[in-house]
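Excluded from the calculations below are hydrogen atoms, water molecules and symmetry mates; all remaining heavy atoms, backbone and side chain alike, are included. Order of the sequence lines fixes the chain letters, A, B, ..., with proteins taken first and strands second; residue numbering starts at 1 for each chain.
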Amino acid sequence: MTRMYDEIVAVTENRPLTGGHFLLSLRAPRQAQATRPGQFAMVRLLGRSDVLLRRPMSVYDVSPTTRPPRAAGKRGANAHRQPEILQLLYKIVGRGTRLMAELRPGDSVGLAAPLGHGFFAEEYLEEARRADEVLLVTGGIGIAALLLPARELATAGIKSRLFFGGRTRADLVGVQDFESSVAGITLATEDGSKGHRGYVTEPLANYLERHRGRKFLLMVCGPWGMLRASAELAKRHGHACLVSMENRMGCGLGVCLGCSIRVEGTGHGAYERVCTEGPVFNAEHVIWAREEIPKI
Amino acid sequence: MTRMYDEIVAVTENRPLTGGHFLLSLRAPRQAQATRPGQFAMVRLLGRSDVLLRRPMSVYDVSPTTRPPRAAGKRGANAHRQPEILQLLYKIVGRGTRLMAELRPGDSVGLAAPLGHGFFAEEYLEEARRADEVLLVTGGIGIAALLLPARELATAGIKSRLFFGGRTRADLVGVQDFESSVAGITLATEDGSKGHRGYVTEPLANYLERHRGRKFLLMVCGPWGMLRASAELAKRHGHACLVSMENRMGCGLGVCLGCSIRVEGTGHGAYERVCTEGPVFNAEHVIWAREEIPKI
Amino acid sequence: MAAPIAERERTPAGTEFNPQIGVEISGIHFANPVLTASGTFGYGQEFARLIDLNQLGGIVVKGISAEPMEGNPPPRIYETEAGMLNAIGLQNVGARRFVEEKLPFLRGLRTRTIVNVFGYTTEDYVRAIEILNDGSGIDAYELNISCPNTRAGGMVYGNDPRLTAEVVAASKRAARRPLWVKLSPNVTDITELARAAESAGADALTLVNTFVGMAIDIETRTPRVSNVTAGLSGPAIKPVALRMVYQTARAVRVPVIGIGGIASAEDALEFIIAGASAVQIGTANFYAPDTALRVVEGIRAWCRSKRLNLSDVVGSIKIPPSAASPVS
Amino acid sequence: MAAPIAERERTPAGTEFNPQIGVEISGIHFANPVLTASGTFGYGQEFARLIDLNQLGGIVVKGISAEPMEGNPPPRIYETEAGMLNAIGLQNVGARRFVEEKLPFLRGLRTRTIVNVFGYTTEDYVRAIEILNDGSGIDAYELNISCPNTRAGGMVYGNDPRLTAEVVAASKRAARRPLWVKLSPNVTDITELARAAESAGADALTLVNTFVGMAIDIETRTPRVSNVTAGLSGPAIKPVALRMVYQTARAVRVPVIGIGGIASAEDALEFIIAGASAVQIGTANFYAPDTALRVVEGIRAWCRSKRLNLSDVVGSIKIPPSAASPVS
Ligand SMILES: Cc1cc2nc3c(=O)[nH]c(=O)nc-3n(C[C@H](O)[C@H](O)[C@H](O)COP(=O)(O)OP(=O)(O)OC[C@H]3O[C@@H](n4cnc5c(N)ncnc54)[C@H](O)[C@@H]3O)c2cc1C
Ligand SMILES: Cc1cc2nc3c(=O)[nH]c(=O)nc-3n(C[C@H](O)[C@H](O)[C@H](O)COP(=O)(O)OP(=O)(O)OC[C@H]3O[C@@H](n4cnc5c(N)ncnc54)[C@H](O)[C@@H]3O)c2cc1C
Ligand SMILES: Cc1cc2nc3c(=O)[nH]c(=O)nc-3n(C[C@H](O)[C@H](O)[C@H](O)COP(=O)(O)O)c2cc1C
Ligand SMILES: Cc1cc2nc3c(=O)[nH]c(=O)nc-3n(C[C@H](O)[C@H](O)[C@H](O)COP(=O)(O)O)c2cc1C
Ligand code: FES
Ligand code: FES
């Protein structure tokens with residue numbers, strides 16, 4: 001189990017982006033330095049008991065200072081400095097995220113991070129090295145889990161490509177941050193306001209079709225339908241596929257057993273905890289029957 | 001029943017004073033214009049259910065603009081303008097007031113006002129006119145209920161005098177606001193950091209002693225001990241005494257019956273509602289036995 | 001009364017659907033399913049300066065006993081996390097003064113008037129009802145059976161099926177109007193009490209009343225409320241109240257009226273989907289007096305957007321086949 | 001153990017008073033009265049990276065059954081106002097794997113280990129205890145009797161005095177360690193169950209377990225938790241839990257351990273003043289893992305400032321003579 005830190009930390013910035021998305025910057029050096037790509041944090045709103053539980057949020061980025069993410073690619077002189085800022089990219093969907101959006105610099109939140117196993121648990125990294133290309137597939141706020149993996153792959157010299165879908169162009173936040181790390185970006189919107197009109201799994205299917213014979217690894221984070229569609233495509237073409245799963249979380253620490261989903265082919269019993277054995281699972285182990293994946 | 005307004009209103013200022021006191025200014029023209037001296041408001045913190053009930057707060061001041069209360073005396077050209085701002089003077093004592101202290105300009109609160117019967121219900125005003133002088137007696141945050149009465153008395157040409165006690169000098173907030181309305185101010189602090197060392201009821205007793213034969217009306221707002229001591233002094237010297245009572249309030253609207261205290265000599269049954277029949281009661285009607293006045 | 005679903009589904013999606021949100025309970029028609037709960041809305045008049053009372057489905061007035069009662073010494077209330085404790089002690093003006101002084105105002109409203117009734121013996125209940133029978137403008141009685149029966153050694157009427165049946169049967173005989181029975185949630189099996197009340201003649205069941213709770217001042221080491229224990233209400237109790245409404249609606253044939261922590265139309269719809277024919281708003285009236293009206297509007301808007309009449313929604317919860325035991 | 005009050009009162013007010021906050025329950029000594037509640041602290045190890053487990057009075061581990069159990073399908077939890085619903089379905093590794101894999105870590109701690117035990121028949125309970133008897137490092141058992149007895153038609157053990165007595169008596173005979181019994185709050189009269197458990201041999205009573213509640217997704221009109229009903233915990237339940245602890249402490253002679261919505265030392269002190277010899281922290285561990293340690297420190301500081309030992313505080317509530325009925 002990697003080291004994890006649970007502390008009260010200060011907000012340094014909370015920047016509104018398009019489509020009800022925000023980028024929250026927290027001064028959390030210990031959490032930032034310990035985070036591996038695909039891990040998440042639990043965020044607590046302090047001083048109130050009506051929103052009781054902490055909210056799970058992927059670690060979007062870690063950086064030495066709180067510069068705009070646009071500049072995050074050209075790290076240059078700063079690259080050797082230890083990160084002090086941990087960033088979360090989130091979307092307002094309910095009470096907790098609405099309250100997060102009201103945070104201002106100087107406010108504090110509770111932050112437990114890093115949590116879970118990311119995309120580069122040992123066996124997964126091996127898988128990535130063997131692939132010709134890693135396909136990062138995401139929809140909506142799932143993008144938040146993929147920036148650090150994209151960077152890690154670039155650093156390791158592994159080619160990657162981003163497939164990113166949303167309902168409308170305002171959902172396609174953070175694309176610029178990926179530009180320096182990935183070999184290509186394919187966008188899709190359901191309303192056609194940007195990129196391919198429809199689901200991003202459609203251009204993904206075409207891409208896999210056109211490059212039969214190559215060996216891909218898929219890293220997917222997004223809504224359930226997209227996870228399943230991606231997993232099916234991967235399976236059909238014989239590629240490995242890693243999916244970052246979501247579930248309601250009571251603790252994020254592995255003790256409440258509230259986040260369990262049914263997973264096959266593992267030694268740890270029928271149910272596994274998204275917060276501890278996940279959130280990244282091998283898509284082959286996930287049982288894709290609807291009733292096993294909660295509509296949360 | 002006077003007209004009362006229950007609305008969401010905007011904070012225009014929330015100024016920290018000494019000793020954990022704050023002066024909250026709200027843009028609430030309808031409430032401000034309807035308020036009579038000694039009436040109160042119910043304040044609701046929006047968007048949370050853990051601090052559920054509204055908090056009762058005396059209306060400290062009403063003013064056309066949000067000028068500092070220090071200037072409130074010299075109204076000059078503004079005096080004819082209708083008030084738009086309603087001010088509350090409060091002290092942090094628990095969760096609700098701590099959260100009130102975090103309000104910033106532009107935030108909103110729920111505000112129901114004016115509520116209750118103030119110091120100038122018809123029979124009381126008659127009483128005031130008959131007195132040689134009205135003595136405004138208060139301790140701590142009780143001061144918040146007495147500024148509007150002081151002004152009203154000045155306007156009506158009735159002489160008044162303020163007796164104001166606190167634990168320490170930092171508790172003596174707002175004194176300047178009274179200067180232009182009262183004939184004299186006597187201060188007391190328990191630690192002797194300002195004015196008489198001890199309770200303010202001591203100089204009050206001296207004053208009553210020195211001016212035997214004159215006819216006073218006491219208007220008192222403060223902690224229970226001070227209310228009772230003042231009521232006893234008034235009774236001993238044969239003066240009328242009006243006390244503004246406190247109690248926990250569920251609604252402030254007269255429906256929960258949570259604020260009832262036992263009152264004698266009235267037609268409305270043994271218990272009367274502080275929020276509706278009060279908060280100002282004739283001290284002669286209050287039953288001063290400890291168990292009838294809640295330690296809230 | 002409601003247009004058949006098939007017909008509505010034929011109306012093109014674009015046309016405005018105007019949902020029926022009226023409901024009939026114990027033979028009385030309510031223009032909408034939102035009432036204000038006893039003890040939280042006074043005798044109605046107090047709120048007349050704040051909201052249009054005629055927009056309410058009904059008003060349940062503060063509990064009335066045969067004789068006036070003065071209530072408990074202060075402090076009577078205390079705020080808790082997302083809730084409040086109260087031990088008012090059933091202070092009220094008595095049935096006679098209620099009829100003379102409070103009823104005329106209520107009679108002038110289009111809104112339904114339900115009178116909440118209580119006592120400490122079965123005869124108390126009967127006597128109160130007999131006095132109220134003479135008042136005009138009352139649409140139904142709501143029996144508050146969360147009182148300790150002074151004869152039965154302080155045992156609470158509503159916590160015992162036998163006592164419940166006794167007081168309901170006697171009250172039903174006395175009542176010249178429909179009789180609703182308001183159940184106590186402080187019981188092991190709410191359906192047992194519900195069935196006892198139904199068998200004894202209840203025309204509708206309202207639930208829940210408050211949960212018995214407590215708070216202590218650690219500085220003085222005394223109870224925060226003079227009565228020591230007090231009733232918990234507000235959003236904190238909603239999940240348990242909702243469960244009890246769900247269970248009761250499946251156990252009886254008479255209509256169920258849901259209460260407990262309702263503060264929004266969404267909350268109210270949860271109760272209705274669980275099986276409540278109507279809802280009551282309690283504690284929320286204290287801090288947001290417009291709650292009941294917002295709930296009416298929210299239910300109407302939701303029904304419109306779903307193209308459903310209220311009657312389609314009542315008890316329409318879908319239980320997944322995987323769900324096994326009713327216990328966590 | 002505690003210095004006599006008279007002596008302490010003679011120590012000049014200026015000198016530091018070092019309160020005794022240890023407590024003995026069922027023959028076991030706890031360094032302080034703060035334990036973590038079953039199901040909210042895993043098997044202890046999960047929190048080792050977060051807090052110093054040796055500072056806790058005790059750890060009550062997740063409920064253990066004779067055989068491993070896989071639990072309920074998701075979703076299993078839902079947040080409510082100042083509370084949460086859970087229907088985990090008692091997922092656990094089974095008594096044998098617990099003894100082999102989880103107990104060694106706990107044995108290494110100075111903190112007391114209490115094992116929460118459950119089953120669906122009385123034999124289940126006995127079998128689990130027999131397996132656990134062989135494990136070393138367990139200080140006591142805590143019987144979770146909030147389970148439906150599959151033999152008694154799903155009736156919940158803890159809601160019925162007869163079933164309670166049966167399972168407690170059988171478990172007591174089997175147990176080679178002190179037996180605590182954890183009561184269900186979903187009952188009309190908690191003291192009846194408490195006395196049944198005490199008479200059947202319980203060495204201590206812990207209360208409360210969760211309240212049965214529910215939440216509904218109005219968009220899909222399905223329950224928010226797959227099991228339909230689920231257990232409510234957290235600050236929302238504190239007032240009712242406190243009332244039950246107060247009543248139970250006055251009804252039995254064995255020690256009572258208080259649980260329910262405790263999130264601060266002030267909350268814990270309310271339970272202790274009401275009569276609890278110790279407390280357990282549940283849901284708060286999820287969102288503030290340092291709660292139990294803050295509660296220990298807060299209790300110590302409060303006792304110091306009041307110059308009281310813990311034993312002076314337990315059950316020290318003062319009831320005003322005016323307080324009459326136990327019902328609001
Ligand atoms: C491992 C993990 C990583 C996540 N990373 C991000 C992220 O980087 N950015 C981001 O914006 N969101 C992320 N989420 C989702 C985020 O946790 C939820 O959107 C958030 O908890 C909703 O809180 P709320 O109070 O605003 O909504 P609520 O009012 O609680 O609910 C609103 C809606 O959100 C759903 N929801 C509630 N809790 C969760 C949950 N734990 N997971 C998913 N949906 C939930 C509800 O069912 C409902 O549909 C992540 C979730 C998980 C499990
Ligand atoms: C008619 C009236 C007018 C008031 N005017 C003012 C005012 O102008 N300025 C001001 O600062 N305060 C005023 N108060 C007191 C104020 O209402 C309380 O201080 C406030 O409600 C405490 O809220 P809290 O959440 O901060 O404290 P809590 O955490 O609720 O309690 C902290 C302390 O305050 C006490 N308290 C709680 N509610 C009340 C209450 N309704 N009345 C008195 N004490 C209470 C509690 O018992 C406790 O001792 C007034 C009270 C009444 C009844
Ligand atoms: C201050 C107060 C007084 C109440 N008085 C009565 C009463 O007289 N009769 C009654 O049946 N219920 C009474 N109740 C219970 C409410 O009608 C309602 O059942 C309960 O508060 C739960 O609903 P809520 O959570 O919406 O408040 C009272 C509740 C409160 C808070
Ligand atoms: C997720 C979860 C799992 C629980 N599992 C158990 C259990 O296995 N056995 C048990 O006796 N109680 C269990 N409980 C109940 C708690 O131990 C405790 O009694 C209850 O949550 C009330 O305390 P709280 O309000 O502090 O959480 C569980 C509670 C929660 C929230
Ligand atoms: S969220 Fe609690 S175990 Fe995963
Ligand atoms: S505060 Fe509700 S009646 Fe006075």
Side-chain angles (χ1 to χ4, degrees), chain A residues 1-8 34 42-55 94-96 109-112 114-115 224 245-263 268-276 287 289-296, chain D residues 36 39-51 61-63 68-94 97 217 219-220 222 224-226 230 233-236 238 261 263-264 282-290:
Chain A
M1 216 176 286
T2 56
R3 195 75 184 97
M4 179 274 266
Y5 304 90
D6 191 352
E7 295 167 317
I8 309 290
M42 292 294 283
V43 181
R44 180 172 176 217
L45 295 161
L46 302 175
R48 58 192 305 149
S49 68
D50 51 352
V51 176
L52 199 66
L53 301 175
R54 305 202 269 200
R55 301 299 195 249
R95 186 146 69 155
V109 297
L111 185 75
L115 298 166
W224 179 79
M245 304 297 292
E246 284 205 6
N247 198 352
R248 284 189 212 133
M249 290 195 178
C251 66
L253 306 169
V255 297
C256 75
L257 308 184
C259 65
S260 298
I261 58 170
R262 195 181 285 272
V263 175
H268 206 280
Y271 281 110
E272 294 208 347
R273 297 163 296 183
V274 170
C275 71
T276 305
I287 304 176
R290 193 69 194 93
E291 55 282 6
E292 297 303 341
I293 311 289
K295 204 224 139 270
I296 44 179
Chain D
T36 53
T40 66
F41 210 71
Y43 302 112
Q45 192 153 15
E46 294 87 341
F47 278 81
R49 52 185 175 159
L50 284 171
I51 61 169
V61 300
K62 174 77 189 151
M69 288 195 48
E70 69 164 14
N72 290 332
R76 294 175 168 188
I77 58 172
Y78 189 70
E79 186 181 76
T80 67
E81 302 288 320
M84 68 175 282
L85 290 167
N86 91 80
I88 305 304
L90 300 164
Q91 177 178 346
N92 81 97
V93 299
R97 260 183 70 197
D217 180 342
E219 287 311 308
T220 59
T222 56
R224 290 278 190 185
V225 172
S226 74
S233 64
K238 199 192 81 176
S264 68
T283 304
N285 294 312
F286 297 161
Y287 58 85
D290 61 345

Write down the atom of A:Leu253, the atom of D:Pro289, and the distance for their closest heavy-atom approach. CD1-CG, 3.8 Å
So which part of D:Thr80 gets closer than 4.5 Å to some heavy atom of chain A, the side chain, the backbone, both or neither? backbone
What is the minimum heavy-atom distance between D:Gln91 and A:Leu257, and which atoms define it? O-CD1, 3.6 Å
Looking only at non-hydrogen atoms, find the nearest pair between D:Arg76 and A:Ser260 and report the distance. NH1-OG, 3.2 Å
Kindly say whether A:Leu53 contributes a backbone atom to a donor-acceptor pair with the side chain of D:Glu79 at under 3.5 angstrom? yes
Can you tell me how far apart SG (A:Cys256) and CD1 (D:Ile77) are? Round to the nearest 0.5 Å. 5.0 Å
Could you tell me which portion of A:Arg95 (side chain, backbone, both or neither) has an atom closer than 4.5 angstrom to a non-hydrogen atom of chain D? side chain
State plainly whether the residues A:Arg262 and D:Glu70 are in salt-bridge range, i.e. N to O under 4.0 Å. yes
Pick whichever of A:Asp50, A:Val255, A:Asp6 has the most heavy-atom pairs under 4.5 Å with chain D. A:Val255
Donor-acceptor under 3.5 Å (A:Arg248 side chain, D:Pro74 main chain): no
Below 4.5 Å from any heavy atom of chain D, which atoms of A:Met42 appear? Answer side chain, backbone, both or neither. neither
In D:Phe286, D:Phe47, D:Tyr287, the residue satisfying side chain to side chain contact (heavy atoms under 4.5 Å, CB included) with A:Cys251 is D:Phe286
